[in-house]
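Accompanying notes for the structure given below.
Along the sequence shown, residues are numbered consecutively beginning with 1. Note: hydrogens, waters and symmetry copies are ignored here, and every other heavy atom, side chains too, is used. Quick caveat, the model's predicted, so the values are computed rather than measured.
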Amino acid sequence: MLPAFGLYAVFALAPLGHAAWLSLFRWDGVTPAVWNGLGNYRDLLADPLVRTAFEHSLVLILFFSVMPVAVGLLLAATLSRTALRGLTGFRAVLFLPQVIPTVALAVTWRWIFAPDGPLNQILRAVGLGSLARPWLGDFGWALPSVGIVGSWVMYGLCMVLFIAGVQKIPQGLYDAARVDGAGPVREFFAITLPGLRNELVVALVLTLISALRNFDLVYVMTKGGPGTSSDVPALEVYVRAFEYGAVGSAAAIGTALALVIFAVTFVLTRLGERRAA
C-alpha cells in the first residue's frame with residue numbers, strides 16, 4: 001500500500017500541489033514570478049472566456065456521459081431479456097474506440113466532418129445536400145460535432161460495464177418477475193437498474209471526468225474554433241501556458257478544473273455508497 005501511495009504522491013499529488021502553488025503567482029515561465037495571491041482566481045471569475053469554456057464542458061457532459069450511459073442501459077435492459085450469441089466478440093467491437101489512440105480518432109473524424117468529407121458526400125448522394133455544411137467550421141455545430149465523437153468513444157465503455165453487470169444479476173430474479181407478469185419497463189426499474197448501481201456509478205464517474213478534462217479531441221478537431229465556439233477549460237490551460245505565457249492563469253484554470261472533477265467524483269461515489277447501504 002505504502003509504495004503505491006508513494007508513487008501516486010510523486011507523480012500525481014506533487015504536480016497538482018505545484019500547479020496550485022503556481023496559480024498564486026503572475027508568471028510567464030521565464031521571468032521571476034510575482035506573488036498575486038488569489039488574484040488569478042478573481043480574474044477567472046470575471047473572464048467570459050473561462051465561463052464559456054466551462055459552459056461548453058457542461059454541454060459535452062450530455063454527449064460524453066448522459067447519452068453513452070443511456071445507450072448502455074438500454075442495451076443492458078435488452079440483453080437481460082434476450083440471449084445474445086457471440087457476446088465476447090460483440091463487446092470487443094463496442095470497446096474498440098477505447099483502445100484506439102484518441103488523436104487517431106480525432107484525425108479520422110475531422111476528415112469525416114470535412115466540407116468535402118464522407119458525411120457531406122453521403123448527404124448529397126441521398127438528396128439531403130441542404131444539410132451539408134462545414135461541420136467543424138460552423139459556430140453552431142462545431143461543439144456538437146466533437147460531442148458526437150465523444151459519445152461514440154464512450155458508449156462502448158458504458159456498454160461493456162453494464163453488460164458485465166447484467167451477467168452478475170441472478171437470472172432467477174428475471175424469471176420470477178416474468179411469472180408475476182412484469183413487463184420490460186417494470187423489470188428494468190425493479191431488477192436491472194438496481195443491480196447495475198455500482199456499474200452505473202463507475203460509468204458516470206469515468207464519463208464525467210472525460211467530458212470535463214477533454215483536450216485532445218477538441219485540440220485536434222477544432223482547436224477551440226471557430227472563434228471560441230468549442231473552447232474548453234483544458235484547452236484554455238494549454239493556450240494560456242504555452243501560447244500566451246500566462247502560466248499563473250493557466251495553473252489557476254487547471255486547479256479549478258481539478259477541484260470540480262474531485263467534487264463531482266466525491267458526490268457520485270458518496271451517492272453510490274448511500275444507496276448501497
Side-chain angles (χ1 to χ4, degrees), residues 15 19 22-23 27-30 40 43-68 97-121 123 131-155 207-258 260-261:
L22 290 178
S23 70
W27 186 42
D28 59 4
V30 179
N40 287 325
D43 293 341
L44 296 184
L45 292 175
D47 192 334
L49 286 177
V50 176
R51 290 200 302 270
T52 300
F54 275 94
E55 290 171 359
H56 290 163
S57 288
L58 296 179
V59 175
L60 290 181
I61 287 176
L62 173 65
F63 292 97
F64 278 71
S65 184
V66 177
M67 292 175 60
Q98 286 288 317
V99 300
I100 298 176
T102 306
V103 173
L105 293 175
V107 171
T108 302
W109 279 94
R110 187 176 62 185
W111 167 67
I112 293 173
F113 283 125
D116 57 348
L119 178 57
N120 283 336
Q121 291 181 14
L123 290 174
L131 299 179
R133 65 189 71 240
W135 300 94
L136 300 181
D138 189 291
F139 281 86
W141 279 98
L143 187 63
S145 297
V146 174
I148 289 171
V149 179
S151 297
W152 178 73
V153 171
M154 299 306 299
Y155 88 105
T207 55
L208 283 171
I209 290 176
S210 180
L212 292 172
R213 67 174 180 81
N214 182 270
F215 168 78
D216 37 15
L217 276 180
V218 174
Y219 181 77
V220 175
M221 294 181 68
T222 67
K223 292 190 177 179
T228 58
S229 60
S230 61
D231 192 17
V232 291
L235 183 62
E236 275 294 308
V237 172
Y238 173 84
V239 170
R240 295 188 182 212
F242 297 104
E243 295 185 9
Y244 296 159
V247 178
S249 178
I253 297 176
T255 303
L257 180 60
V260 170
I261 292 175

For the CG atom of L235 and the OG1 atom of T228, what is their distance to the nearest 0.5 Å?
10.5 Å

How would you list all residue pairs meeting side chain to side chain donor-acceptor pair (under 3.5 Å) that involve residues 110-119, not counting sequence neighbours?
none

Looking at residues at least two apart in the chain, or sitting in another chain, which of them share a side-chain contact (heavy atoms from CB on, under 4.5 Å) with P226?
F139, A142, S229

Drop me the distance from L208's CG to L60's CG, to the nearest 0.5 angstrom.
11.5 Å

Does the pair L257 and V237 meet the rule for a side chain to side chain contact (heavy atoms under 4.5 Å, CB included), with working shown?
CA-CA 10 Å; L257 180 60; V237 172; 5.6 Å; no

Rounded to the nearest 0.5 Å, how far apart are CD1 of I112 and OG of S145?
11.5 Å

Residues in ring-ring contact (aromatic ring centres under 6.0 Å, His included) with W109, at least two apart?
F113, W152

Identify the heavy atoms of V247 and G29 that sit nearest to each other, and give their distance.
CG2-N, 3.8 Å

Scan for salt bridge (charged side-chain N to carboxylate O under 4.0 Å, His left out) pairs involving residues 133-153, sequence neighbours excluded, and state none if there are none.
R133-D138

Please enumerate all residues that pass side-chain contact (heavy atoms from CB on, under 4.5 Å) together with P144, with sequence neighbours excluded.
F63, W141

Taken in chain and number order and not counting sequence neighbours, the residues that satisfy side-chain hydrogen bond (donor to acceptor under 3.5 Å, both in side chains) with N40 are N36

Which pairs of donor and acceptor atoms, one on a side chain in residues 210-222, lie under 3.5 Å apart (sequence neighbours left out)?
unit_1: T222; atom_1: OG1; unit_2: V218; atom_2: O; d: 3.2
unit_1: T222; atom_1: OG1; unit_2: G224; atom_2: N; d: 3.2
unit_1: T222; atom_1: OG1; unit_2: S230; atom_2: OG; d: 2.7

What pairs with Q98 under side-chain contact (heavy atoms from CB on, under 4.5 Å), at least two apart in sequence or on another chain?
F95, V153, M154, L157

Looking at side-chain heavy atoms only, is the closest gap between S249 and L44 below 4.5 Å?
yes

Only counting residues at least two apart or in another chain, list the ones meeting side-chain hydrogen bond (donor to acceptor under 3.5 Å, both in side chains) with W135.
N120

Which residues satisfy the side-chain contact (heavy atoms from CB on, under 4.5 Å) test with A104, sequence neighbours excluded?
I100, P101

Which atom names give the shortest non-hydrogen contact between P48 and A46, and what distance separates them?
CD-O, 3.3 Å

Verdict with supporting geometry, H56 and T52, side chain to side chain contact (heavy atoms under 4.5 Å, CB included):
CA-CA 6 Å; H56 290 163; T52 300; 3.4 Å; yes

I'd like to check the side-chain hydrogen bond (donor to acceptor under 3.5 Å, both in side chains) partners of D47; sequence neighbours left out, ordered by chain and number.
R240

Pair listing, salt bridge (charged side-chain N to carboxylate O under 4.0 Å, His left out) test, anchored in residues 219-235, at least two apart
none

